[in-house]
Number of protein chains: 2
Amino acid sequence: MAEHDTIRDKIASQYAELSDRLKVAADYVAEHPLDVATRSLRSLSAASGVSPATFSRLARALGFSSYEEMRELSRRAVGNRALSFSERAGLLRAEARAGGGPVSMLERQAAACIRNIAELEHNTDRRRLTQAVDLLHAARNVVLFGAFSSTGVVEYMAYLANYIAPNWTLAGRMGASLGAALADLGAEDALLVVTKTPYARRAVVACEMARSDGAQVILITDSHACPAIPHANVHFLVPTESPQFFSSYAATVVLIETIIAMLVARSEADPSERIRQVEQRNRGLGEFWPG
Amino acid sequence: MAEHDTIRDKIASQYAELSDRLKVAADYVAEHPLDVATRSLRSLSAASGVSPATFSRLARALGFSSYEEMRELSRRAVGNRALSFSERAGLLRAEARAGGGPVSMLERQAAACIRNIAELEHNTDRRRLTQAVDLLHAARNVVLFGAFSSTGVVEYMAYLANYIAPNWTLAGRMGASLGAALADLGAEDALLVVTKTPYARRAVVACEMARSDGAQVILITDSHACPAIPHANVHFLVPTESPQFFSSYAATVVLIETIIAMLVARSEADPSERIRQVEQRNRGLGEFWPG
DNA sequence: CAACAAGCGAAACATATGTTTCACAAGTTG
DNA sequence: CAACTTGTGAAACATATGTTTCGCTTGTTG
C-alpha cells in the first residue's frame, strides 16, 4: 500500500489516525472533491463549518506538504471524470486495440451488469411488481427459498426483510428441513423463490407444493424455460448476461432491493423505528463497532 | 440566443467582437475550462502566455461583471461533465423528469445502482484489483467473512469460488466459530472481509487478528471511515448510494463477480472442467431439475 | 506629419488566501 | 491538584490574486 492515487484513498488510509475535527474535514473533502479543486479554502470553511486552519492541518495530516498539494489531487479526481466522455472513449478504443486483451475485466463486468439492470428496468411490468408486493404485504407468513448460487441473495433479502416484517422466514437454512417450512404454508401465506440455471430441484418442487397448498408463489428466475414458472402466481425474468462462466446476480439484487423498498413504502408503520430498535439492540450486544 | 448556458456559448457569441489578443485568451479559456475553474488567473497567464490583465478584460468583454463570474461558469461546466458519465446510463433523465410524478421505485433503484456501478468502474484502481487477485491466487487458504447485511453476498462469493478453488472457506457460518477459522490463518493465507455501515465488530476484529498473524487481508467496504481499513493490505471502497433506508449491494456484487472472473482467468486449470464435474455430481444426486 | 484612438503589458493597488501563531479548553498523567 | 499533552478556533501574518492605472506601441484619420 505504498501508492495512493486518489484523495479518497489517501483519506481512507489515514482516517483512523485523524482527530474528530479532522475527520469532519476529511469527510467533507471526500464528498466534495469538485469544491475542493474549485473553491478557495475559506469558501470550503464557510460551507462546511470547519475552520480554515483545520483544513490546512488536514492536508499535513494526510501527508501533503501543503493544502495546495491536496487540492492538486482533487483537481486530478475531477479531471479524470471530466475526461470520461470523449477522451475516455478514445482511451478505451486505444486500450482495446492495444492487444485485444487488456480491456479490464472490471470494465466488461460493469458494462454487462449495467445493461442487465437497464434491461430489467425496461422489461419489468410495473403492475406485476405491484401485484407481487401486494401479495407479500398481505401474507400472514412469507417463506424465502434459494439454493446453490441463489442462497446468498435470498439470505440478503431475508436480512433486509427482518427490518420491516417479523413474519418472514428463510427456508432450508443450514440444512434445516425445507419440508417443515413448507408444511406450515397455507392459503394466507406466500413463498418467494429465487432460482437460476441450472434450476435446483428443491426450488421447483417447493413452488409446486406451495401452490398446491394454495399459497401465493412469487418466483424470480432467469429464463422463460424455468420449470417452476407454471407453479408461480407471479414470476419475474431477470437478465443475467455476463462475460463469465457464471451468470450475474447484480440485476437480481436490484429487483430484490426494489421489492423491499416498495414494501417499506407500503407499510403504514414507520420502518425507521424498527430499524432503530434492531440496531440499538445489536449495539447493546456489542455487535457493532462504535461509530 | 438570448441565454448562454456555457462559457463556450458565451465565447462563441462574442468572439467576432474580440480583439486579437482577447481571441487568444478566449481560445485558451474555451479549451481549458477545467484549468479556468481550478487554477488561478495568474497560473493561466503563465501557462498560456497571455497577460493577467487580458484575462481580466476578457471576462468583461464577454459580459461578466468579473473574472470570478466567468470562472463560476467554468466550474459548472466541469461539474456537469462529472455527472455525465452516469448520464450515459440514460436512466438519469427519467429520474430528473420525475419532478414529482409517479416514477416507479424500480426506476429509482435501477438508476441509483447503475450510477454506483459506473462509479465503481471509474474509481477502482486496476492495479489494486490485480494485487488483490494475486493475493487470493497465491494464498494457501482463503477465508471469507461477512456479517449482518453482508452475509449474503459473501456466501454468494464462496459459492462461486468453490467452482474454481477448493481452498476457500466461509467463516462464521451457521454460528460456527469465527475464531476457529482465524486461528488457522498464517502468513500464507488470506482473509477477505465484506462489511458495511454499521460495521460489525467481528468483521473489524477479524481483520485486525488476521493481520497481526501475518495473513493477507482484503477488505471490501463502503466508506473511508471503516475502522478495518488500517488492518487491510488491500481495500476497496464500493459505492452504495440508494434512495432507500438500506444501502445497495449491487455494485458490491459486481466487484465480487469481477474478482472471481479475474481468478478464473488467472488459474491455469480450465475451470469449466471442474464446473462440469460439480454439476455432474449434483445432477447425479438429483439436485438439479433435469433440463 | 500631427492628432487621435485602441490595445496591450508592467507595475501598483487593494483584497483575499493559506499558514502560523497564540491562547484557551478538555483530557490525561504524575 | 498540578503539570503536561492534545486539539481547536480566532487572529495575525506573509503572500498570492484579480483589478486598475499608466505609459508605450501600433494603426488610423484629417
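Quick caveat: nothing in here was measured; it's all calculated off a predicted structure. So you know, we letter chains A, B, ... as the sequences are listed, proteins then strands, and number each from 1.
Atom C1' of nucleotide dC8(C) and atom CG of L18(B) are separated by 15 Å, given to the nearest angstrom. Look at OH on Y67(A): it is 18 Å from P on dA16(C), rounded to the nearest Å. The separation between E68(B) atom CD and dA14(C) atom P is 21 Å, rounded to whole Å. Note: CZ (R71(A)) to C1' (dG18(C)) measures 9 Å, nearest angstrom. Rounded to an integer number of Å, the gap from CZ of R57(A) to P of dC22(C) is 14 Å. Separating the CZ atom of R21(B) from the P atom of dT26(D) is a distance of 14 Å, rounded to the nearest angstrom.
Using modelled atom types and a 3.5 Å distance limit, the side chains of D222(B) and Y249(B) yield no donor-acceptor pair. For the 3.5 Å distance criterion, the side chains of S248(B) and E257(A) qualify, holding a donor opposite an acceptor.
Annotation: cation-pi geometry satisfied between K10(B) and F64(B) (NZ/CZ under 6.0 angstrom from ring centroid, within 45° of ring axis).
For S66(B), no side-chain nitrogen or oxygen approaches OP1 or OP2 of dG18(D) to under 4.0 Å. A sub-4.0 Å separation between OP1 or OP2 of dT20(C) and a side-chain N or O of R60(A) is present. A sub-4.0 Å separation between OP1 or OP2 of dG7(D) and a side-chain N or O of T54(A) is absent.
I164(A) is listed as a side-chain neighbour of I260(A), based on a closest heavy-atom distance under 4.5 Å.
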